[in-house]
Structure formats: structure tokens, C-alpha cells
Amino acid sequence: SGTRAHTRREILTGREPVHVTLKLCQGLPSFRKKEVFRILRIAVRKSRQKGLAVTHFAILSNHIHLIVEPPRGGMRKLFQSLCISFSKRLNASLDRTGRVFRDRYHVHVLKTPLEMRNALAYVLANEGRHIARKLGLGRSAKLIVRIDPFSSAFAFLKWKKLFRVPPDFEYSG
């Protein structure tokens, strides 16, 4: 059935940010829609009010990437609240019931500044990576760095530092 055994998660100290990937259940429509973006922004805002600092995110057709600064006490319950808030609003907008996310989410602790930089580049320019893959371009291909309308990239101010070029320019990486 494709289900893997649960492994124990790394204990989060609250000192390092994390990159979280949420995979959606099969059978849902593409999430790259304005309404889904609006719903995620509401859920993120509410989670911030409760103490979960979601700093950046990107919505792809069947998964969501988040950069999160977990609180010292852990993020399990706050993250669960974010997922529930998003799922309830999404189900209401789609006039459906049922699960939205797969069993577990993937967490990668960002322990170094380079890991953080790479995670930001990955999340904020993720759409370009997926387009390159669909076109059959390899990793050495040029990446179009552009502001993804279904991400928090509009709020990121350090594009030139991240990619060494401003958005909407080609980057040879």
C-alpha cells in the first residue's frame, strides 16, 4: 500500500528552523489555485497567532512546502492545528469531507546557514524546478528565478542575495 513504518522524529530544540513537506491525499484537485492559496494564508496567519512561526511556503499541485521556526516546546500540536485549520477550510470550499493530507509529513532540520539558504531557494523557486523536470531538463539546466504566485515569495526581500540575481532573470546554477 506504499505505507512505511513510522520512524521516531528528531527532537526539535527550537533553535533550528525546519523544512516541512506535506503531501496531499490522492483524488484532490491541483492545489495551485487562488482559493487554496487564500485558505493556506489564513491557516498560516492563525498558526502564527498561536505561536507557530511559518516563515515561508509554496503550494504545488499535490504537496505543500513550509519553512517553520518551531517553538522550544515542540511543534507537533501547533502543526496539527495548522493542518486541521487548513483541511477544514479547504473541505468547506470544495464541498467535500475527508482527509486532505497523507499520514505523515516530512521534516528536515536546517542545521547550517547553507542548509537554510538551500531550503529557501528550493521552496521559493520550487515551481521552476517542477517545470524544468516536466520539460526534461537536467539539474545543470538554467533555472528561471521568478516569483511564484502560489508561494510566500512575494514577501521575501533578499532575492538578489539568495540567487545572486533578482527574480525574473535566468540563473545558471
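Atoms considered below: every heavy atom in the structure, side chains included; atoms not considered: hydrogens, waters and symmetry mates.
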Quiz item: Under 6.0 Å between the ring centres of Phe101 and Phe86?
Solution: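 Ring centroids of Phe101 and Phe86 are less than 6.0 Å from each other.
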Practice problem: For the pair Val68 and Phe57, evaluate side-chain contact (heavy atoms from CB on, under 4.5 Å) and give the outcome as yes or no after the intermediate values. | Solution: CA-CA 9 Å; Val68 180; Phe57 58 86; over 6 Å; no
Locate the shortest heavy-atom distance separating [X] from [Y]; write the atom from each residue and the value.
X     : Y      : value
Leu28 : Arg99  : CD1-O, 4.5 Å
Arg76 : Tyr105 : CA-OH, 4.4 Å
Leu52 : Pro71  : CD1-CD, 4.1 Å
Val54 : Leu66  : CG1-CD2, 3.8 Å
Lys33 : Phe150 : C-CE2, 3.2 Å
Leu24 : Arg102 : O-NE, 3.2 Å

Quiz item: Does Arg41 have any salt bridge (charged side-chain N to carboxylate O under 4.0 Å, His left out) partners at least two apart in sequence or in another chain, and if so, which?
Solution: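 Arg41 satisfies salt bridge (charged side-chain N to carboxylate O under 4.0 Å, His left out) with no other residue.
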Practice problem: Test His19 against every option in His108, His65, His56 by the ring pair (Phe, Tyr, Trp, His ring centres under 6.0 Å) rule and name the one that passes. | Solution: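 Only one option passes, and that is His65.
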Hey, could you give me the [atom1]/[atom2] distance between [X] and [Y], rounded to the nearest 0.5 Å?
X     : Y      : atom1 : atom2 : result
Glu16 : Leu110 : CD    : CG    : 8.5 Å
Ser30 : Asn62  : OG    : CG    : 8.0 Å
Leu40 : Ile64  : CG    : CD1   : 5.0 Å
Leu82 : Lys46  : CG    : NZ    : 12.0 Å

Practice problem: Using the side-chain hydrogen bond (donor to acceptor under 3.5 Å, both in side chains) rule, collect all pairs that involve residues 87-97, keeping only residues at least two apart or in two chains. | Solution: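 As it turns out, the side-chain hydrogen bond (donor to acceptor under 3.5 Å, both in side chains) pairs with a partner in residues 87-97, which skip direct neighbours, are Ser85-Arg89, Asn91-Arg96.
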Quiz prompt | Side-chain donor or acceptor of Ser61 paired with backbone N/O of Phe31 under 3.5 Å | solution =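 Such a contact is absent between Ser61 side chain and Phe31 backbone.
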Self-check item: Within 6.0 Å of CD in Gln26, more than 12 heavy atoms from elsewhere
Solution: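 Not buried by this count: 12 neighbours or fewer within 6.0 Å.
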Min side-chain heavy-atom separation [X]-[Y] under 4.5 Å:
X      : Y      : answer
Thr112 : Met116 : no
Val18  : Pro70  : yes
Pro17  : Thr55  : no

Quiz prompt | Partners meeting side-chain contact (heavy atoms from CB on, under 4.5 Å) with Lys77 (sequence neighbours left out) | solution =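 For Lys77, no residue satisfies side-chain contact (heavy atoms from CB on, under 4.5 Å) once neighbours in sequence are set aside.
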Quiz prompt | Qualifying residue for side chain to side chain contact (heavy atoms under 4.5 Å, CB included) with His106, from Thr21, Val20, Leu22 | solution =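 When side chain to side chain contact (heavy atoms under 4.5 Å, CB included) is applied between His106 and each of Thr21, Val20, Leu22, only Thr21 qualifies.
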